[in-house]
Amino acid sequence: MNTTASTATDSLTASPGTPEAEGWYAIRTRRDFRAAEQLESLCDEIYFPREQRRNAAGVMRTCAVIPHVLFIRTTPTQALALEARSHQPGERLVPFWLYRYADDPRPQRITPQQIQLLRLLTATDTSRCEVYNKADFRPGQLVSVTDGPFRGLTGTVQRVRKNRHVVVAIQGICMIMLPFIHPDLLKPI
C-alpha cells in the first residue's frame, strides 16, 4: 500500500473537529516576540504579523501589528499541551493563553481563509489595512465583496473616521478593516 497516498487521503477525510486535525489557533501573551521565538520550533508554523515603525525619537522599531497576539498551526491536543506547559513552574516557555469559544472549553480554531486574509493585509504594506480590537465596533450590514483582490470576503459595513469600510471579524480576536471598496463591488447578504 502506498503510504503517501494513504496519508493524503486520511488528511482529506479527517473532519476539522477531530483531535488530531491540524489547524490555526490564536494565542495571547504579554511577551509576544519571545513567545514567537520559542514556539517557532515547537509548532508546525507560526504567524506573527509585524511592521516597522518610527518612534518619537525617529528610531525604527519592529512592532506587532496585533499587540500580544500570534497564531500557531498545530493540532488542538498539542496546542493545549503547550499552553499547560507554559504555565508550569520552572518551565522556560513564556506563559500564553489560547483563545477559546465563549461557551466551550475547546480552543477556537481560526480558518485558513482568515489566516490568508491576515497575511494578505499585514504582509509588508500595513497602510492598506487597520486592525482594531473587537470592542471598537457595533454590528452593521452584512455584505460580500464581489470583485477585486478581496473578492469572496464577507463582513459588515462600518463607518470609521467618516468613511465607509468593510470590516471582517475573526471571532473574539480582532476586526480587520479593509481599504475603501467601491459600493458597486459590494452585495448585501
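Residues Ala21 and Pro76 approach most closely at O-CD, 3.2 Å, considering heavy atoms. When every heavy atom of Glu83 is checked against every heavy atom of Leu98, the shortest pair comes out as OE2-N, 2.9 Å. Closest approach of Ile46 and Trp24 over heavy atoms only: C-CZ3, 4.2 Å.
Thr62 has its side chain within reach of Gln52: a pair of non-hydrogen atoms, C-beta onward, lies under 4.5 Å apart. Looking at heavy atoms from C-beta onward, Tyr25 lies in side-chain contact with Arg109 at the 4.5 angstrom threshold. With contacts defined as side-chain heavy-atom distances shorter than 4.5 Å, the pair Arg85/Leu42 qualifies.
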Worked check of side chain to side chain contact (heavy atoms under 4.5 Å, CB included) between Ile27 and Leu82: CA-CA 11 Å; Ile27 67 170; Leu82 285 170; over 6 Å; no
What do the steps show when you test Trp97 against Arg30 for side chain to side chain contact (heavy atoms under 4.5 Å, CB included), and what is the final call? CA-CA 10 Å; Trp97 298 265; Arg30 291 183 187 106; 3.6 Å; yes
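With sequence neighbours left out, Gln108 forms a side chain to side chain contact (heavy atoms under 4.5 Å, CB included) with Tyr99, Tyr101, Ile110, Gln171, Ile173.
One distance of note links CD of Gln38 with SG of Cys43; it measures 11.0 Å at 0.5 Å rounding. Rounding to the nearest 0.5 Å places OG1 of Thr146 at 11.5 Å from CG of Leu153. The NE2 atom of His68 lies 9.0 Å from the OG1 atom of Thr29; values are rounded to the nearest 0.5 Å. For the atom pair CG (Leu70) and CG (Asp32), the distance works out to 7.0 Å, reported to the nearest 0.5 Å.
Defined by atom type and a distance below 3.5 Å, a donor-acceptor pair is missing between the side-chain atoms of Gln78 and Thr75. No side-chain donor from either of Thr74 and Glu22 sits under 3.5 Å from a side-chain acceptor of the other.
Classified by interplanar angle (parallel below 30°, tilted 30° to 60°, perpendicular above 60°), the ring pair Phe48/Phe33 is perpendicular.
For the pair His87 (side chain) and Phe96 (backbone), a donor-acceptor distance under 3.5 Å is present. Checked by atom type and distance alone, the side chain of Ser144 never pairs as donor or acceptor with a backbone atom of Thr154 at under 3.5 Å.
Annotation for Glu45: atom CD counts as buried by contact number, over 12 foreign heavy atoms lying within 6.0 Å.
Using a 4.5 Å cut-off between side-chain heavy atoms of Ile, Leu, Val, Met, Phe, Trp and Tyr, with links allowed through other members, Leu178 and Ile115 fall into the same hydrophobic cluster.
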